[in-house]
Amino acid sequence: MEREVRVRFAPSPTGPLHIGGVRTALYNYLLARKLGGKMLLRIEDTDQNRFVPGAEDYIRQSLEWCGITLDESPWTETPGPHAPYRQSERKPMYLQYAQQLLDSGHAYYAFDTPEELDAMRARLTAAKVPNPQYNSITRAQMRNSLTLPEDEVKQLLDNNTPYVIRLKVPRKEEIRFNDLIRGWVVVHSSSVDDKVLMKSDGMPTYHLANIVDDHLMEITHVIRGEEWLPSAPLHVLLYRYFGWESTMPQFAHLPLLLKPDGTGKLSKRDGDRLGFPVFPLEWHGKDAETGEPTVSSGYRESGYLPEAFINFLAFLGWNPGTQQELFTMDDLIATFSIERVSKSPARFDQNKVRWYNEQYLRAKPDSELAQYLLDALKEQGVEVSANKAEQIAALVKERATFPADLAKEAQLFFHRPTSYDEQVISKKWNAQVAGALQEFALALPATADSTPEGIKALLTQVLERQGIKIGQVLQALRVAVTGAAAGPDLMAIMSILGPEETAQRLNLAIDQLAAQASA
RNA sequence: GGUCCGUUCGUCUAGGGGUUAGGACAGUAGAUUUUCAUUCUACCAACAGGGGUUCGAUUCCCCUACGGACUACCA
């Protein structure tokens with residue numbers, strides 16, 4: 001029988017999720033939805049020292065904002081079938097599995113102190129051992145249940161001597177597994193060390209907890225970052241020793257997201273140093289050294305639409321093989337396949353995210369943009385009708401990258417010019433132009449047709465009477481009405497402003513500029 | 001250092017033994033807009049290097065270089 005597809009995203013609550021983590025969650029989600037499976041989230045908080053308050057909630061909100069929904073997680077109203085979904089809450093379960101390995105001879109107790117471990121590494125390094133590690137060779141010189149007499153081990157245990165449980169990795173063995181993205185990966189066991197499975201505080205390490213939980217939670221595909229590739233052989237070994245090989249999940253190690261500037265993988269610490277957000281949501285943290293509060297910007301607060309952010313992120317390391325660039329989440333679900341994830345790492349492109357945002361912003365219905373505008377303007381104490389807001393939104397959206405640009409561009413409708421573009425004035429403003437505009441202002445209130453076309457017709461009419469070409473006045477007219485040399489279509493602006501307001505602005509400009517000239 | 005992974009335009013990438021090596025973003029130029037932006041059109045621009053294999057390699061193999069990850073009682 002085919003197993004139901006079950007994937008998981010398993011972050012540690014050690015800080016804000018960065019975009020690489022979001023992408024991992026996204027690919028997991030896409031595969032689950034595509035294959036009609038389940039998407040779960042498990043909090044991997046086995047390291048109490050690195051716990052950061054608020055991080056878990058941040059992860060939750062980030063995924064919510066992105067539209068990545070979870071079928072099983074610590075946050076559901078009724079506990080899921082494999083609850084709890086926080087490893088710290090699962091702590092009591094792990095020891096029995098470590099015990100199983102102990103019993104079958106695949107794990108052993110180690111009593112070495114940190115100092116002894118340091119000394120061992122120092123010794124090996126000094127001896128120019130190419131790969132200093134606790135392994136099949138060096139464990140013979142250490143204090144563990146393999147080297148110590150049985151009764152001494154028992155005594156140490158009885159005396160509550162701190163110990164860890166280590167995996168007994170075989171000396172000579174080829175470990176291989178088929179990665180969905182990379183193909184066959186082969187690693188020799190001699191390069192894998194005797195990893196700690198249970199820490200002296202009674203908590204499992206990532207490696208143990210991860211394998212046990214993935215098995216218990218019936219995970220079928222492990223999709224995670226490439227940083228886990230080197231420890232995958234260890235995980236394969238664990239599945240084998242537990243006797244779970246037949247249901248071992250398929251692995252897919254995603255290429256890393258690189259820093260756009262220098263080198264190395266993108267990390268949480270990059271924060272705003274790069275000039276663009278690396279976090280989905282704004283994060284309020286503390287400086288590691290000084291403890292000073294810090295703020296790292298987020299895509300959401302910077303004005304990115306989740307659809308754009310997701311579309312962009314999906315394309316960083318994956319593509320559909322067609323020329324389509326714009327994908328909604330549903331499109332992504334329909335098209336996604338793990339085989340089309342690329343092997344090589346990707347660098348960030350700010351221009352491309354901006355472009356995506358423009359695309360999605362413009363695709364939004366004017367009514368929705370108008371609603372945003374209404375809210376933004378209200379905050380500034382400006383009241384507008386829904387109808388007018390929609391007209392403005394429609395006019396202005398082609399010039400916007402972010403929603404906030406809409407409000408910025410809309411300002412000219414609610415604030416009369418306080419100054420006039422000097423270059424245009426000095427070049428284009430003269431008595432004749434002023435006269436013509438005065439005539440236009442005079443004719444405006446009487447017009448029956450205040451559509452952009454109607455206003456243009458009126459303007460043309462007035463100018464013809466004056467014997468002036470439209471080209472001579474248009475720039476001056478724009479500056480008189482808006483104060484600025486550039487902006488949206490002038491006829492549309494005047495239409496939205498209305499004949500009355502336009503006329504008043506014109507008269508104001510004529511007065512002010514005349515006063516300026518005589519001063 | 002060791003192990004593993006990777007390498008096509010500036011960036012994200014398509015392709016794959018025989019192609020004018022395709023698209024998108026960015027950039028440049030032109031057209032439209034008597035403004036800016038938008039839009040449209042065009043241009044610019046890449047198979048890391050060296051050996052094989054082959055009639056023929058950017059594609060397959062090997063080596064080198066470069067980049068990256070990992071190398072904790074962190075995940």
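In the text below, chain A, chain B and the rest are named by the order of the sequence lines, each starting its count at 1.
- In the interface, the side chain of A/K352 is paired with the base of B/A24 through a donor and an acceptor atom under 3.5 Å apart.
- At the heavy-atom level, A/S342 lies under 4.0 Å from the strands shown only through sugar-phosphate atoms.
- Residues that satisfy the side-chain contact (heavy atoms from CB on, under 4.5 Å) test with A/Q324, not counting sequence neighbours, are A/T322, A/F327, A/D331.
- Across all strands, A/Y206 comes closer than 4.0 Å to base atoms (heavy-atom distances).
- Across all strands shown, A/R166 has heavy atoms under 4.0 Å from sugar-phosphate atoms exclusively, and none from any base.
- Ring-centre distance between A/Y58 and A/W283: below the 6.0 Å cut-off.
- Place A/E398 and A/A486 on RNA chain B by their nearest nucleotides, and A/A486 ends up nearer the 5' end.
- Rounding to whole angstrom units, CZ of residue A/R8 and P of B/A75 are separated by 14 Å.
- Across every strand in view, B/C70 sits in a pair with B/G2 that passes the Watson-Crick or G-U test at under 3.5 angstrom.
- When distances are taken from the side chain of A/R478 to each of B/U35, B/U3, B/C74, the shortest belongs to B/U35.
- Toward the 5′ end of RNA chain B lies the nearest nucleotide of A/S344, the other residue of the pair A/H207 and A/S344 mapping further downstream.
- Atom CG of A/D179 and atom P of B/G6 are 9 Å apart (whole Å).
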Taking only distance into account, with no hydrogens and no angle test, what donor-acceptor pairs under 3.5 Å do side-chain atoms of residues 169-178 of chain A form with protein atoms, sequence neighbours excluded?
unit_1: A/E173; atom_1: OE2; unit_2: A/R240; atom_2: NH1; d: 2.6
unit_1: A/E174; atom_1: OE1; unit_2: A/R176; atom_2: NH2; d: 3.2

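- Judged as a side chain to side chain donor-acceptor pair (under 3.5 Å), and not counting sequence neighbours, the contacts of A/E44 are A/R42, A/Q87, A/N210.
- Listed by residue number, the members of residues 223-236 of chain A with any heavy atom below 4.0 angstrom from RNA chain B are A/E226, A/E227, A/W228, A/L229, A/P230.
- Residue pairs that meet the salt bridge (Lys or Arg N to Asp or Glu O under 4.0 Å) test with at least one member in residues 309-329 of chain A, sequence neighbours left out, are A/E325-A/K352.
- Among the atoms of the strands shown, none is found under 4.0 Å from any heavy atom of A/T14.
- Heavy atoms of A/V192 sit nowhere under 4.0 angstrom from any nucleic acid atom.
- B/U11 atom C1' lies 13 Å from atom OH of A/Y356, rounded to whole Å.
- Among the nucleotides B/C73, B/C25, B/G6, the one closest to the side chain of A/P345 is B/G6.
- Closest approach to the A/N131 side chain among B/C25, B/C74, B/U71 is made by B/U71 (side chain taken as heavy atoms from C-beta onward).
- No side-chain heavy atom of A/V433 sits under 4.5 Å from any side-chain heavy atom of A/Q475.
- Under the Watson-Crick and G-U wobble criteria, each requiring two contacts below 3.5 Å, nucleotide B/U35 is left unpaired.
- Listed by chain and residue number, nothing satisfies the ring-ring contact (aromatic ring centres under 6.0 Å, His included) test with A/W355 (two or more places apart in sequence, or in another chain).
- In this structure, A/E227 has no salt bridge (charged side-chain N to carboxylate O under 4.0 Å, His left out) partners at least two apart in sequence or on a different chain.
- Under the side-chain contact (heavy atoms from CB on, under 4.5 Å) criterion, A/Q472 pairs with A/Q432, A/I468, A/K469, not counting sequence neighbours.
- The existence of a salt bridge linking A/D194 and A/R139 is confirmed by a sub-4.0 Å separation between a basic side-chain nitrogen and an acidic carboxylate oxygen.
- In the set B/A24, B/A75, B/G10, B/G10 carries the atom at the smallest distance from any side-chain atom of A/D349.
- Nucleic acid contact for A/R50: base, since at least one base atom lies under 4.0 Å from a heavy atom of the residue.
- A ring-centre distance under 6.0 Å is found for A/F309 and A/Y299.
- When heavy atoms are screened at a 4.0 angstrom cut-off, A/P162 is found touching no nucleic acid atom at all.
- Residue A/A346 is in sugar-phosphate contact alone, with no base atom involved, counting any heavy-atom pair closer than 4.0 Å across all strands shown.
- Of the listed nucleotides (B/C73, B/U13, B/A24), B/C73 has the atom at the smallest distance from the side chain of A/V196.
- When both distances must be under 3.5 Å, the Watson-Crick or G-U wobble mate of B/C55 is B/G18.
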Report all interatomic pairs (protein N or O, nucleotide N or O of nucleotides 27-33 of chain B) with separations under 3.5 Å.
none

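- Contact of A/R347 with B/U11 (side chain to base): no donor-acceptor pair of N or O atoms is detected under 3.5 Å.
- Residue contacts for A/D112: at a heavy-atom cut-off of 4.0 Å it reaches a base atom on one of the strands shown.
- When each of B/A69, B/C73, B/A14 is scored by its nearest atom to the side-chain atoms of A/L256, the top-ranked nucleotide is B/A69.
- Of the candidates B/A69, B/A75, B/C5, the closest approach to any side-chain atom of A/R182 belongs to B/C5.
- When distances are taken from the side chain of A/P130 to each of B/A75, B/G2, B/U3, the shortest belongs to B/G2.
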